[in-house]
Amino acid sequence: MADEQRDVIEVLEHDHREVEEMFAELESLRGAATDEARKRRKDVADQVTIELVRHSVAEEVLVYPQVDRKVSAEQAERARKEHAEAEETLARLEKLDADDPRFDDELATLMREIREHIAEEEGEMFAHMRQVIDADDLRKLGARVEAFKKVAPTHPHPNVPNEPLPRLAAGPAASLFDRMRDLATGRGTSD
Ligand SMILES: [Fe+2]
Ligand SMILES: [Fe+2]
């Protein structure tokens, strides 16, 4: 069992690939005129939001503190700032219908922000983590990230600071509220 556990970098990079696939689908549906295609764009935008929020909060609570201590405080701080900016974009995007002209603009902003952020994490931060954190600890952290994502919030909460303590303090109420809203509206259920 322990041998099958993916390490934290594998877990996070797998999430990144899923997000990129959803971005590619959103781009392929750009300018689509049918109601069905517009609905699909909104659904995929909701799914990408859910994934990005869970992933980002898990990184902020479990991964960036390690980066802060063992890799580079500057890299951790930059990553938190980038999360905060993307979270503002997600919050604006969430309020828009797919036929609103601002939807495409916000989506384009989000994709640019996240693609740059992913490139920095994979190109710098994760590479440095592998050098300074031993393989067993990376695997244990992978298990914690997977477990945490299951209970993390699913909607952007840009007013909550992107630090572990405020995230954890707001977490149980935010997650429960988010998941109840999702159940009530059917958000994130189609794939
Ligand atoms: Fe990430
Ligand atoms: Fe990140």
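Atoms within a ligand are numbered from 1 in the order they appear, just like the ligands themselves.
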Does a side-chain N-to-carboxylate-O contact under 4.0 Å join R102 and D105?
no

Answer yes when K140 and D136 have at least one side-chain N-carboxylate O distance shorter than 4.0 Å, and no when they do not.
yes

Below 2.8 Å, any N, O or S contact between H117 and the Fe ion (ligand 1)?
no

Show your reasoning for whether salt bridge (charged side-chain N to carboxylate O under 4.0 Å, His left out) applies to R115 and E27.
CA-CA 14 Å; R115 281 169 171 155; E27 281 177 326; 3.2 Å; yes

Got an N, O or S from [X] under 2.8 Å of the Fe ion (ligand 2)?
X   : value
E59 : yes
H83 : yes
Y64 : yes
E82 : no

State the atom name: nearest N, O or S atom of H16 to the Fe ion (ligand 1).
NE2

Give the atom name of whichever N/O/S atom in E121 sits closest to the Fe ion (ligand 1).
OE1

In terms of side-chain heavy atoms, does E124 have a donor or acceptor partner in H128 at a distance below 3.5 Å?
no

Backbone of D99 reached by a side-chain donor or acceptor of R38 within 3.5 Å
no

So do I9 and M129 actually touch side chain to side chain, heavy atoms under 4.5 Å?
yes

